[in-house]
J.: 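Pasting in a structure now, in structure tokens, and then I'll have a few things to ask.
In what follows, every chain begins at residue 1, and chains take the letters A, B, ... in the order their sequences are listed.
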Amino acid sequence: MKNQMRLEFDSISANEAFARVTTAAFMTQMNPSMEEVADVKTAVSEAVTNAIIHGYRGEVHKIVITGEIEEEWLKLTVEDQGVGIADVEKAMEPLYTTRPELERSGMGFLFMEAFMDEVRVESEPGKGTVVFMKKRIGCQEA
Amino acid sequence: MREDRKKRNRRDRRGARTAAAGRSAVMTLENGSLLIRVPEELDHHSAAQISARADQLIKEQDVREVVFDFSGTTFCDSSGIGMLMGRYKIMQALGGSVRAVKVQDRVERILLLSGVMRVIPVERI
């Protein structure tokens, strides 16, 4: 099976729920377990929240999610054209956050990595950030 | 006119949902214990609202304990962890406490993964 989707929306916090629910709806055709859906929803929520808070720093611009189903693989990208990340490796360290005053726990990437099979980040300061995520669906042991 | 009625209907529906397990949290303060019913989905959007309302109450009233009731919560991400740890720090500074109760499987997994259970007592549903 092969299928693609593209979703573009404003970087406001009310759209965090919209983004994860829409992505969950897209993956239902893969016949995922509830656990797998919850995993993907959490990862998408983290990436979108990062784009809103860190990428755009609260300003309203566009966030784009793309989804691709290829056999048992779900591939997602979450993209913003915000401030970018100078040191991606540092940003992905557990508990590291640039916004402690906003009660960011520094666990966003940790959760993405825990719930997806692969997470990769491409970013350039001043240009924006793309988070690539992959998860194999339907292969979890019951 | 039609538009008004539509709006009213929407509001009514939202009101009914809140009573069950909607997006906004219900807070009750009794004998110094602030009980917060966490909404169905706890993300950056809802966590920010809950934190602001809770902090206002903590500032204005005599709150000695904050209890987060997760019985209706099926989704939680790292923003929920930030919310819990933020209130924990505030209550710690005031000599009070924070705990989470009626936590379901999925939320428990998130709390475990985050390490928040090492500092905040968590009771399962």
J.: Could you walk me through whether A:F115 and B:L113 pass side chain to side chain contact (heavy atoms under 4.5 Å, CB included), step by step?
T.: CA-CA 11 Å; A:F115 296 128; B:L113 192 61; 3.9 Å; yes

J.: Are A:E103 and B:K89 close enough for a salt bridge, meaning some N to O gap below 4.0 Å?
T.: no

J.: Where on B:S51 is there a heavy atom nearer than 4.5 Å to chain A: the side chain, the backbone, both, or neither?
T.: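 For B:S51, the side chain is the part near chain A, not the backbone.
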
J.: Should the heavy atoms of other residues, nucleotides or ligands under 6.0 Å from CD of A:E113 be counted, would the total exceed 12?
T.: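 Correct, the count exceeds 12.
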
J.: Report whether B:I36 and B:V101 are members of the same hydrophobic cluster (ILVMFWY, side-chain heavy atoms less than 4.5 Å apart, transitive linking).
T.: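 No, no single cluster joins them.
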
J.: Within a radius of less than 6.0 Å around NZ of B:K102, do more than 12 heavy atoms belonging to other residues, nucleotides or ligands occur?
T.: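 Counting other residues, nucleotides and ligands, NZ of B:K102 stays at 12 neighbours or fewer.
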
J.: Quick one: do B:V98 and B:I90 end up in the same hydrophobic cluster if we chain Ile, Leu, Val, Met, Phe, Trp and Tyr together by side-chain heavy atoms under 4.5 Å apart?
T.: yes

J.: If you measure from NZ on A:K41 to CD on B:E41, what distance do you get to the nearest 0.5 Å?
T.: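 Here the interatomic distance stands at 4.5 Å.
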
J.: Heavy-atom distance under 4.5 Å to chain A: side chain of B:I110, backbone, both or neither?
T.: both

J.: Is it possible for you to say whether A:V44 and A:V37 belong to one hydrophobic cluster, with membership spreading through side-chain heavy-atom contacts below 4.5 Å?
T.: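 Per the 4.5 Å side-chain linkage, A:V44 and A:V37 are co-clustered.
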
J.: What pair of heavy atoms forms the shortest contact from A:T49 to B:S79, and how long is it?
T.: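 Heavy-atom minimum between the residues: CG2-OG, 4.1 Å.
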
J.: Using non-hydrogen atoms only, which part of A:L102 is less than 4.5 Å away from chain B: side chain, backbone, both, or neither?
T.: neither

J.: With a 6.0 Å cut-off (strictly less than), is the heavy-atom count around CD of B:E30, excluding the residue itself, greater than 12?
T.: no

J.: Side-chain heavy atoms nearer than 4.5 Å, only ILVMFWY residues, links allowed to pass through others: does that put B:I81 and B:V122 together?
T.: yes

J.: Would a single hydrophobic cluster contain both A:V64 and A:M5, if residues Ile, Leu, Val, Met, Phe, Trp and Tyr are joined by side-chain heavy-atom contacts under 4.5 Å?
T.: no

J.: Within a strict 4.5 Å, meaning less than it, do heavy atoms of the A:E35 and B:R106 side chains meet?
T.: yes

J.: Out of A:A43, A:S45, A:G108, which one racks up the most heavy-atom pairs below 4.5 Å with chain B?
T.: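 Most pairs with chain B among the choices: A:S45.
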
J.: Evaluate whether atom CZ of A:R57 has more than 12 neighbouring non-hydrogen atoms of other residues, nucleotides or ligands under 6.0 angstrom away.
T.: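 Atom CZ in A:R57 is not crowded, with 12 or fewer foreign heavy atoms closer than 6.0 Å.
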
J.: Cation-pi between B:R109 and A:F111: NZ/CZ under 6.0 Å from ring centre and within 45° of the ring axis?
T.: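 Not satisfied by the 6.0 Å and 45° rule.
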
J.: Donor-acceptor check, side chain of A:E46 to backbone of B:S78, threshold 3.5 angstrom: yes or no?
T.: yes

J.: Indicate the atoms forming the closest heavy-atom contact of A:S105 with B:G82, along with that distance.
T.: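 Distance-wise, the nearest heavy atoms are CB-N, 4.2 Å.
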
J.: Tell me the closest heavy-atom pair linking A:M107 and B:S114, and the distance in Å.
T.: CE-O, 3.0 Å

J.: Would you say A:E89 has more than 12 foreign heavy atoms packed within less than 6.0 Å of its CD?
T.: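 No.
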
J.: Testing the 3.5 Å rule here: is there a donor-acceptor pair between the side chains of B:H45 and A:E16?
T.: no

J.: Chain B heavy atoms under 4.5 Å from A:I52: which part of the residue, side chain, backbone, both or neither?
T.: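 Just its side chain gets close to chain B.
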
